[in-house]
Participant: 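Handing you this structure, nothing more for now.
Per chain, numbering begins at 1; letters A, B, ... match sequence-line order.
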There are 2 protein chains.
Amino acid sequence: MYSSPTNETPDDRTGRAIIRDEALRLFAEQGADAVTIRQIAAAAAVSPGLVVHHFGSKDALRSAVDRHVLDTFDRVLAELTDAAAEAATSTTASADGSVSADRDPAGTGSMAEAMLAHLPPASPIPAYLRRLLLDGSDAGTELFGRLYEMARATLAAMVAAGAASPGRDPATRAAFLMANDLAVLLLRDRLAGVLGFDPLSKEGMSRWATEVVAIYGGGLRERAATSEENRP
Amino acid sequence: MYSSPTNETPDDRTGRAIIRDEALRLFAEQGADAVTIRQIAAAAAVSPGLVVHHFGSKDALRSAVDRHVLDTFDRVLAELTDAAAEAATSTTASADGSVSADRDPAGTGSMAEAMLAHLPPASPIPAYLRRLLLDGSDAGTELFGRLYEMARATLAAMVAAGAASPGRDPATRAAFLMANDLAVLLLRDRLAGVLGFDPLSKEGMSRWATEVVAIYGGGLRERAATSEENRP
DNA sequence: CATCGAGCTGAACAAATGAATAGTATCCCG
DNA sequence: CGGGATACTATTCATTTGTTCAGCTCGATG
């Protein structure tokens with residue numbers, strides 16, 4: 001009775017969507033446990049009763065936000081794979097879990113950086129995804145599992161293309177690459193504090209990627225290429 | 001009036017220490033905000049009033065646990081540097097902030113893994129440090145800044161020893177290495193879920209370090225050394 | 001037009017929580 | 001020994017929080 005039983009996206013356009021978006025923003029900023037229904041209601045300019053009227057309970061609202069964020073994640077991911085599939089024709093699966101390993105535009109398989117570019121600059125989605133990955137929720141487990149499968153597929157594709165070695169333990173290698181990628185998202189604010197720039201801003205991603213590409217390309221000892229001199 | 005004004009460690013041995021340790025354990029498991037004073041009191045087998053009697057308030061207890069964890073961090077760090085200084089005689093500074101960059105036993109500068117070995121297996125300290133790094137507390141800022149300075153010093157030492165290149169941007173390079181190192185701690189449970197082993201267990205650290213050393217050593221493309229064949 | 005239902009409000013309630021208070025026991029030091 | 005401080009308990013209070021409920025508005029529909 002609370003929501004349309006088929007799908008929530010079609011009827012999402014009125015007060016219900018406003019409440020969900022404000023909850024998403026506040027949850028991303030402070031964490032769901034630290035946000036009260038009254039704060040959400042105030043941010044959405046409605047009464048506290050309306051929030052529970054639409055979603056049943058705070059926990060149900062949290063679940064609704066989880067689903068909405070995961071849906072957005074899937075949609076942005078589909079945009080990414082579609083955009084990457086323009087160059088090379090390959091079997092692009094739909095966003096039901098199986099993904100085609102044909103992206104890697106920057107050369108390092110940075111999922112986080114690629115997603116950031118396809119979201120509004122002030123989107124609360126990245127911060128919410130960060131919290132999903134860090135708390136022990138089921139939605140976070142599903143998200144992390146999907147990211148891990150993407151990382152494994154990406155590494156396998158790079159191996160097939162001769163761009164990488166599978167290493168002694170491909171699963172651990174893919175997990176290492178994925179963890180490094182996610183670390184920038186998880187420690188974004190802290191890194192910005194010590195570095196003086198946001199590593200997920202446009203300029204920051206460039207500076208970060210420079211080091212990532214250098215180390216992934218030739219290891220820690222390889223001298224940095226200043227302007228020319230590409231061959232050691 | 002609540003605690004001895006000089007230092008808290010000397011008089012810490014009775015009920016006060018029990019309460020602090022139980023609070024540390026519960027805070028590490030669930031996060032400080034999710035733990036109630038009554039839960040801490042029950043875990044310490046005392047009355048709720050005694051908790052606030054010893055620490056004044058829940059927030060003061062949180063600060064006391066923060067200080068205790070940071071002190072433990074400094075102590076373990078000193079053990080590490082002392083143990084590393086046995087081989088090479090160098091100027092080992094005291095744990096007042098400045099550190100000597102002469103460790104790096106594994107060859108990759110893994111601070112997290114080195115610290116884990118110097119703590120009891122079931123210590124709540126790693127999980128608490130993880131939460132310190134992830135929330136926006138001042139203690140977390142101080143801890144992160146210290147880790148960053150250690151990473152910079154370690155990279156500088158490796159450069160001086162010819163074991164690494166400073167890269168185009170040494171600050172970002174050091175931050176990247178540190179973030180990768182911390183990612184294992186931050187995503188420990190999630191990685192264990194998909195990999196099937198704890199990456200911070202003894203066996204897990206070995207498998208993880210194998211890939212880290214391989215990639216940091218020669219980049220992603222370098223073939224894995226199976227048993228012999230060290231030269232490409 | 002009447003009525004049904006959905007969106008919505010404001011007040012109220014029960015449970016939980018941090019904190020304060022009064023009082024008791026226990027230990028330490030002169 | 002004795003007195004004062006300290007460790008500690010049991011009770012109580014004020015506030016916050018999620019949730020419920022009765023009722024209002026208003027557009028659609030038969």
Participant: Side chain of A/I37, heavy atoms from C-beta onward: which of D/dT9, D/dT19, C/dC8 has the nearest atom to it?
Facilitator: D/dT19

Participant: Of the options C/dA12, C/dA19, C/dG18, whose atoms approach the side-chain atoms of B/S57 most closely?
Facilitator: C/dA19

Participant: Is a donor-acceptor pair below 3.5 Å formed from side chain A/R38 to base D/dG18, judging by atom type as modelled?
Facilitator: yes

Participant: As an exercise, state the distance from CZ of A/F144 to CG of B/D189, rounded to the nearest 0.5 Å.
Facilitator: 10.0 Å

Participant: At 4.0 Å (heavy atoms only), tell me whether A/V35 reaches a base, stays on the sugar-phosphate, or touches nothing.
Facilitator: sugar-phosphate

Participant: Tell me whether the side-chain N/O atoms of A/H54 come closer than 4.0 Å to OP1 or OP2 in C/dC8.
Facilitator: yes

Participant: Go through it in stages, so that I can follow the logic: the residues are A/D169 and A/T172, the test is side-chain hydrogen bond (donor to acceptor under 3.5 Å, both in side chains), and I'd like the CA-CA distance, side-chain angles, deciding distance and then a yes or no.
Facilitator: CA-CA 6 Å; A/D169 185 349; A/T172 302; 2.7 Å; yes

Participant: Looking only at side chains, do A/D135 and A/S137 share a donor and an acceptor under 3.5 Å apart?
Facilitator: yes

Participant: From the list D/dT17, C/dC8, D/dT19, which nucleotide is the closest neighbour of the side chain of A/T36?
Facilitator: D/dT17

Participant: Find the distance B/I40:CD1 to C/dA19:P and express it as a whole number of Å.
Facilitator: 11 Å

Participant: Measure CZ/A/F55 against P/C/dC8 and give the value in whole Å, please.
Facilitator: 11 Å

Participant: Does the side chain of A/Q39 come within less than 4.5 Å of A/Q30's, by heavy atoms?
Facilitator: yes

Participant: Nearest whole angstrom, please: distance from the P of C/dT17 to the CG of A/D33.
Facilitator: 12 Å

Participant: Given that A/A32 and B/I19 both sit by DNA chain D, which one's nearest nucleotide is further toward the 5' end?
Facilitator: B/I19

Participant: In whole Å, I'd like the distance from the CZ atom of A/R20 to the P atom of C/dG7.
Facilitator: 15 Å

Participant: Find the distance B/D59:CG to C/dG18:P and express it as a whole number of Å.
Facilitator: 11 Å

Participant: Output the single nucleotide from C/dA19, D/dA7, C/dG7 whose closest atom is nearest the side chain of B/K58.
Facilitator: C/dA19

Participant: If you only use heavy atoms from C-beta on, which nucleotide in C/dT9, D/dT20, D/dT9 is closest to the side chain of A/V52?
Facilitator: D/dT20

Participant: From the options D/dT12, D/dT9, D/dT19, select the nucleotide whose nearest atom is closest to the side chain of B/L50.
Facilitator: D/dT9

Participant: Can you check the B/H53 NE2 to C/dA22 P distance for me, whole Å?
Facilitator: 16 Å

Participant: With a 4.5 Å cut-off on side-chain heavy atoms, are B/L143 and B/L147 touching?
Facilitator: yes

